[in-house]
Number of protein chains: 4
Amino acid sequence: MAARTRRPMRREPSQERSRAMVRRILDAGYEVLLAHGYDRASTGRIAAAAGISPGSLYQYFPDKHVLLGEVVDRCADRLRARISRAFVANLAGGSLPDAVRGNVLALITAFEENAGLLRVLYEQLPPNADTRRADFKHRIDELATTALLGYLPGGARADAVAWVLVRTVENLAISYVLDPPEVDREDAVEEITALLTGYLATRLDPERR
Amino acid sequence: MAARTRRPMRREPSQERSRAMVRRILDAGYEVLLAHGYDRASTGRIAAAAGISPGSLYQYFPDKHVLLGEVVDRCADRLRARISRAFVANLAGGSLPDAVRGNVLALITAFEENAGLLRVLYEQLPPNADTRRADFKHRIDELATTALLGYLPGGARADAVAWVLVRTVENLAISYVLDPPEVDREDAVEEITALLTGYLATRLDPERR
Amino acid sequence: MAARTRRPMRREPSQERSRAMVRRILDAGYEVLLAHGYDRASTGRIAAAAGISPGSLYQYFPDKHVLLGEVVDRCADRLRARISRAFVANLAGGSLPDAVRGNVLALITAFEENAGLLRVLYEQLPPNADTRRADFKHRIDELATTALLGYLPGGARADAVAWVLVRTVENLAISYVLDPPEVDREDAVEEITALLTGYLATRLDPERR
Amino acid sequence: MAARTRRPMRREPSQERSRAMVRRILDAGYEVLLAHGYDRASTGRIAAAAGISPGSLYQYFPDKHVLLGEVVDRCADRLRARISRAFVANLAGGSLPDAVRGNVLALITAFEENAGLLRVLYEQLPPNADTRRADFKHRIDELATTALLGYLPGGARADAVAWVLVRTVENLAISYVLDPPEVDREDAVEEITALLTGYLATRLDPERR
DNA sequence: AATGAATGAGGATTCATTCAT
DNA sequence: AATGAATGAATCCTCATTCAT
């Protein structure tokens, strides 16, 4: 299977192998995280899931928390990428309500497709990794804030407005997915859209206020 | 094997005593939870905090998770009571914006005064107690929904509207407290109020729609 | 086997039991120390030797090093007691050479009878317990110094003289026991005696110098 | 199974290279031993210090203990050489007390300049290397014994006398360096000299006895 | 009812050693 | 000869739970 290099590897495929191993471990960590939850994600289980020996983990990560931290980072990055794509696909919409509806729908869908991951990120606490989750949130924030600031007038409260909008969409979408109400999906989307549209209309056209 | 108690228990109001003990243990659990976080909340520490022996915990709770579950329940109940009072105090407000602003402010304040508790409830996961947090949320929901349904016309989507409103206020208030944005408190309150008022206006007076 | 106390132990025999357990653990630690050496003295082995479970060690000692520290202390104390008795038995001797010879012999004998223990104390390093061994030495020092200062005039160098004497006897005795030379025991004792007697004679009677 | 080396090894002076490598490893071992102490002297750290891979150690040493054993041997040899030079420089002295004083001083100085090494040899136990330290001692013994036997009459107890003298000087010097008493250096040297001179005088001139 | 000592499985981490390349 | 990744046993310690008293 391996290349039959006669010379002692001048092009260091070890770099490659190492990265593959890290990937494998992170995948295993992710798997264990979803399957057992944060506190049951022991080094033993992760090693087993990665098909390696427990000691080998420490060749690639200094300790368990760093490892799990990177797992969570990867989760977050994936989710962010997914969301990013969703937003981009809906920015070009026509009327304001349509654009908003599209984005809300896209966000909910993105979350629904990653419910397990969302649950880990939002319900399984990395004990002292408040930071990490905050980081994740802030990264989504940035993304959405950037997208929204285009629509807003540069008024003094632009930050506050962006914060309200971003937190509202995100929280509602997450609430809808992680803690589903007994409400039709379409109705939910429609109401969220109305909520945001009304607010946005006010903020986009200050005179109406 | 049976207990070798000589005296037939003097008619002590054991029912009473038992309840007092449960209270004491739950208080200890709460204390430990706040002081050490969920995973460091060991039975030993809780027993010590309650001034009893670890074995005695099992006289009152079948295992650690049930115990901590009830602790979390009590936290939630306390918080709910606190919020309930806040709402009640602000329902009688005059104009719609004033009433909304009052409630938003009350909610944020209530959360701020219980930030530690909130952090435990929202950032420290009871490992498989997804249920529990959902329960907590739902109970707050009920409360607020009840309060809000009074304002809403009995249209088909009343539930959806209530859900949106409740989730929005609560999530925004929690976000503001647990993950404070760089936004003035007054600005935040004002924007949240605007968001909700605009939406409520639409929903309260269907004709405008 | 156990006492059939009907009342919940007003005279706390637990105190007693606890002390017995500590003794048992320390004995086990000593045993393991002699049998396997310091670095192989693992908590597991000690627990096994004590016939208890590893976790139980921590009911009585905060960690392994404290436990082993106390084991070493006990060794040292035993040895010191042994030596103390030996000295006392020989202090009443008649002529100076006889008294010295008696003490040298007593010390060597005491060490010979505790060679294993001596080996642990002098050849098995408690990694950071330099302190501990120094303590042990100093305690023997005190003992011997006290004994010797009686013979010395209160000259300025009394300390130096006592130090030389004590270190010399002790080190020679230990060297003889731990690292036996190819020299007759009697000859060794005789030479050590001569060494010390000559020096003492000089120091006890300054005029001769 | 056999090594698949294509070229017949170019006639490299492998013998030479091998010896150089062994030296490098032993130096690394010494360095690690001084820096981290015996139990922290892991193969990994030694390999790192030698700038080679852990696996390569096993090309030159069958296992860790042999490696460290040789490290200790080298330490001892170096120390012995140092001491040897010190003795030689002081043997030509005039009067007996002067010669003795010179040697005592030289020994203490030599030990002081190698206190770290001394500490490893005397306080850090090679777990079962009782042997090794004894070896070291015996080699110093030989040296000093040889030097001293010149002064001694060939009586039956020459060995015992030499043993007493050597052990006494060495132990006192080591005690002084590793476990410094609260005694002036000069006083200490003077007393040690007196101790030895008195004894030597007796033994060198049997008639006085 | 209460105790609290005892348990023992489980967890994170280290490290001497091996082996495919 | 050299590498260094992989191993896996061993180590220390924690903690939920039980049980004799």
Side-chain angles (χ1 to χ4, degrees), chain A residues 1-9 13-14 17-18 21 39-47 52-60 62-65 67, chain B residues 1 3-5 9 12 14 17-18 21 39-47 52-60 62-65 67, chain C residues 1-9 13-14 17-18 21 39-47 52-65 67, chain D residues 3-5 9 12 14 17-18 21 39-47 52-60 62-65 67:
Chain A
M1 266 198 195
R4 215 28 103 90
T5 55
R6 268 184 302 163
R7 290 166 309 175
M9 311 180 187
S14 67
R17 262 180 57 84
S18 175
M21 193 69 199
D39 352 351
R40 290 305 188 197
S42 64
T43 52
R45 271 189 265 267
I46 295 171
I52 62 176
S53 99
S56 294
L57 293 182
Y58 292 83
Q59 197 96 42
Y60 301 94
D63 69 27
K64 186 200 169 194
H65 292 299
L67 162 47
Chain B
M1 281 255 170
R4 214 36 102 90
T5 54
M9 216 187 286
E12 306 172 30
S14 66
R17 263 180 50 84
S18 174
M21 197 64 197
D39 356 349
R40 292 304 190 197
S42 61
T43 52
R45 272 187 265 266
I46 294 170
I52 62 174
S53 95
S56 294
L57 293 181
Y58 291 81
Q59 201 83 39
Y60 302 96
D63 69 27
K64 185 201 171 194
H65 293 299
L67 161 46
Chain C
M1 262 190 202
R4 215 28 103 91
T5 54
R6 267 186 302 162
R7 288 167 309 174
M9 313 179 185
S14 67
R17 264 180 55 84
S18 175
M21 193 69 200
D39 352 352
R40 292 304 189 198
S42 65
T43 52
R45 271 188 267 267
I46 294 171
I52 62 175
S53 97
S56 294
L57 293 182
Y58 294 84
Q59 197 96 44
Y60 302 94
F61 300 92
D63 68 27
K64 185 201 169 193
H65 293 298
L67 162 47
Chain D
R4 209 42 96 91
T5 54
M9 215 186 286
E12 306 173 28
S14 65
R17 264 181 51 83
S18 175
M21 197 64 198
D39 358 349
R40 291 305 189 197
S42 62
T43 53
R45 272 189 266 266
I46 294 170
I52 63 173
S53 95
S56 294
L57 293 181
Y58 292 81
Q59 200 83 40
Y60 301 95
D63 70 26
K64 185 199 171 194
H65 293 299
L67 162 47

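All values below were derived from every heavy atom in this structure, side-chain atoms included, with hydrogens, water molecules and symmetry-related copies excluded. Predicted model, so just to flag it, every value in this text is computed and none were measured.
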Colleague: Between D:A47 and D:S53, which heavy-atom pair has the shortest distance, and what is it?
Modeller: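 For D:A47 versus D:S53, the nearest heavy atoms are CB-C, 3.8 Å.
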Colleague: Looking across every strand, which nucleic acid part, if any, lies under 4.0 Å from A:I52 by heavy atom: base, sugar-phosphate, or nothing?
Modeller: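 If one applies the 4.0 Å heavy-atom cut-off, A:I52 turns out to touch the sugar-phosphate alone, with no base involved.
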Colleague: DNA chain E in dot-bracket, Watson-Crick or G-U pairs under 3.5 Å, [ ] crossing, | other strand?
Modeller: .||||||||||||||||||||
Colleague: Apply side chain to side chain contact (heavy atoms under 4.5 Å, CB included) to B:M21 and B:I52, showing your working.
Modeller: CA-CA 10 Å; B:M21 197 64 197; B:I52 62 174; 2.8 Å; yes
Colleague: Just verifying a value: how many Å separate B:L67 CG and B:L57 CG, rounded to the nearest 0.5 Å?
Modeller: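 Result: 6.0 Å between the selected atoms.
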Colleague: In whole Å, I'd like the distance from the CG atom of A:L57 to the P atom of E:dG11.
Modeller: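 Taking atom P of E:dG11 as the reference, CG of A:L57 is at 13 Å.
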Colleague: Nearest of F:dA6, F:dA2, E:dA1 to any side-chain atom of A:M21?
Modeller: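 In terms of side-chain proximity for A:M21, the closest of F:dA6, F:dA2, E:dA1 is F:dA6.
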Colleague: Measure the shortest side-chain to side-chain distance between C:Y58 and C:T43 over non-hydrogen atoms and say whether it is less than 4.5 angstrom.
Modeller: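 Of all side-chain heavy-atom pairs linking C:T43 with C:Y58, at least one is under 4.5 Å.
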Colleague: I want to check one thing: is the phosphate of E:dA1, taken as OP1 and OP2, less than 4.0 Å away from some side-chain N or O of B:Q59?
Modeller: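 No, B:Q59 has no side-chain N/O under 4.0 Å of OP1/OP2 on E:dA1.
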Colleague: How would nucleotides 12-17 of chain F be written as a contact map, 5' to 3', with B for base contact, S for sugar-phosphate-only contact and - for no contact, using protein heavy atoms under 4.0 Å?
Modeller: BBBSBB
Colleague: Search all heavy atoms of C:R40 against all heavy atoms of C:R45 and return the closest pair with its distance.
Modeller: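 Where C:R40 meets C:R45 most closely, the heavy atoms are O-NE, 2.7 Å.
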Colleague: Can you see if the side chain of C:R17 gets near the phosphate of E:dT3 - specifically, an N or O under 4.0 Å from OP1 or OP2?
Modeller: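 No, outside the criterion.
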Colleague: Supply the atom-to-atom distance A:K64 NZ to A:S42 OG, rounded to the nearest 0.5 angstrom.
Modeller: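 Between A:K64 NZ and A:S42 OG, I get 7.0 Å after rounding to 0.5 Å.
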Colleague: Is the phosphate of F:dA1 approached by D:Y60 (side-chain N or O, under 4.0 Å from OP1 or OP2)?
Modeller: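 Answer is no, no contact under 4.0 Å.
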